[in-house]
J.: 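Handing you a structure now.
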Amino acid sequence: MTARLLDGKKVAQGIREDVAKKTEELKSVGLKPGLTVVLVGDDPASKVYVGQKEKACREVGFKSDLLELSGATTQEELLEVIGRLNGDPSVHGILVQLPLPRRIDPDAVLEAIDPAKDVDGFHPVNVGHLVAGIPCMVPCTPLGVVRMLESYGIDLAGKHAVIVGRSAIVGKPMAHLLLAKDCTVTICHSRTPDLASFTRQADLLVAAVGRPRLITADMVKPGAVVVDVGINRLETGLVGDVDFEAVREVAGWVTPVPGGVGPLTIAMLLENTLTAAIRSRR
Ligand code: GUN
């Protein structure tokens, strides 16, 4: 039997409509959620991403600003910009697009953002709160994955979740979110020997390594839920970390690329910004 598709675009659309409705209500009490995206340099992929984020913000009625800084910007100058945004009450969310130019230390920059405005959930305070199980800003992509699974009524409790990838943006926060949903969690990575012996045990397999079509059909347990976080730009087009056409013949559920996890990331950024705006009033 062919796997059912997890339609991230559809789920994201529902979330965006919900955010737009709540934004309308907030505006009637004088609160307009605001997100400022900071882009340093002119990396073409980053430009596409921040353009999508800005458009999404405008569509739900947020105040949306894009600060495009030259690639020659120094770390001190960037920290100064962040300090100004931290102190601006009309800015509820600050997102510094990664990667930054090599001269700039991303950890110093992320730590400078007010944790309450850290809509990426990358600040060490938010990371710590996530691990400790304290409500906080949660990274958008793994949050979107959980939201998508829940919206399809997929029960997570007691499932063996195998995550391939240990990045700070996806793999690690994904593990903590799934633990909080009562999954048994295994994290695999580039140094894991015999990866397939782990992935074949997965009831829920999350691929987030950035290796085109790494996950082949023989690595998937029949009926498993397969979530593909990979976005790999090949000459032939966009492909995920999962060999979609083959895996869909084995899995129970699978996300397409594009149209799977990607749209959820932006939807959760909107939701995080809305949450930050609401909390700013408390
Ligand atoms: N670059 C690629 N993904 C992301 C993300 O989720 N947030 C930020 N700030 N930069 C990114």
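Because only heavy atoms are used, hydrogens play no part in the values below, and waters and symmetry mates are left out as well, while side chains stay in.
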J.: Would you say T2's side chain and R248's backbone share a donor-acceptor pair under 3.5 angstrom?
T.: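 Here the side-chain-to-backbone pair does not exist.
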
J.: Do L143 and V227 belong together in a cluster built from hydrophobic side chains that touch within less than 4.5 Å?
T.: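 Yes, same cluster.
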
J.: Is the closest side-chain heavy-atom distance between K117 and L85 below 4.5 Å?
T.: no

J.: Any link between L66 and I94 through a network of hydrophobic side chains (Ile, Leu, Val, Met, Phe, Trp, Tyr) touching at under 4.5 Å?
T.: no

J.: Are I163 and I154 connected, step by step, through hydrophobic side chains (Ile, Leu, Val, Met, Phe, Trp, Tyr) whose heavy atoms are closer than 4.5 Å?
T.: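 Both belong to a single hydrophobic cluster.
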
J.: Same hydrophobic cluster for I113 and I104, using side-chain heavy-atom links shorter than 4.5 Å among ILVMFWY?
T.: yes

J.: Spell out, as yes or no, whether a donor-acceptor pair under 3.5 Å connects the side chain of K27 to the backbone of G61.
T.: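 A pair under 3.5 Å: yes.
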
J.: Please output the side-chain donor-acceptor pairs of residues 200-215 that fall under 3.5 Å, not counting sequence neighbours, one pair per line with the distance.
T.:
from, atom 1, to, atom 2, distance (Å)
R200, NE, D218, O, 2.8
Q201, NE2, S197, O, 3.0
D203, OD1, K221, NZ, 2.8
D203, OD2, H160, N, 2.7

J.: Evaluate the side-chain proximity of K47 to E68: yes if any heavy-atom separation is below 4.5 Å, no if none is.
T.: yes

J.: For E80, which residues count as a side-chain hydrogen bond (donor to acceptor under 3.5 Å, both in side chains) partner, sequence neighbours excluded?
T.: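 Per chain and number, E80 pairs via side-chain hydrogen bond (donor to acceptor under 3.5 Å, both in side chains) with no residue.
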
J.: With L178, which of V162, V146, T184, V145 fulfils side-chain contact (heavy atoms from CB on, under 4.5 Å)?
T.: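 Single side-chain contact (heavy atoms from CB on, under 4.5 Å) partner of L178 among V162, V146, T184, V145: V146.
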
J.: Hey, is the main chain of L195 close enough, under 3.5 Å, to the side chain of T192 for a donor-acceptor pair?
T.: no

J.: Is the side chain of N126 donor-acceptor paired with the backbone N or O of C136 at a distance under 3.5 Å, no angle test?
T.: no

J.: Any side-chain to backbone donor/acceptor pair from T199 onto M219? Under 3.5 Å, distance only.
T.: yes

J.: Hydrophobic clusters here meaning ILVMFWY residues chained together by side-chain heavy-atom distances under 4.5 Å, can you tell me if V81 and L39 are in one?
T.: no

J.: Is a side-chain donor or acceptor of Y152 paired with a backbone partner of D7 at a separation under 3.5 angstrom?
T.: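 At least one qualifying donor-acceptor pair exists.
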
J.: Got a donor-acceptor contact below 3.5 angstrom from the N86 side chain to the D114 backbone?
T.: yes

J.: Closer than 3.5 angstrom, by distance alone: can the side chain of D243 be matched with the main-chain N or O of A217 as a donor-acceptor pair?
T.: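 Not a single qualifying donor-acceptor pair exists.
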
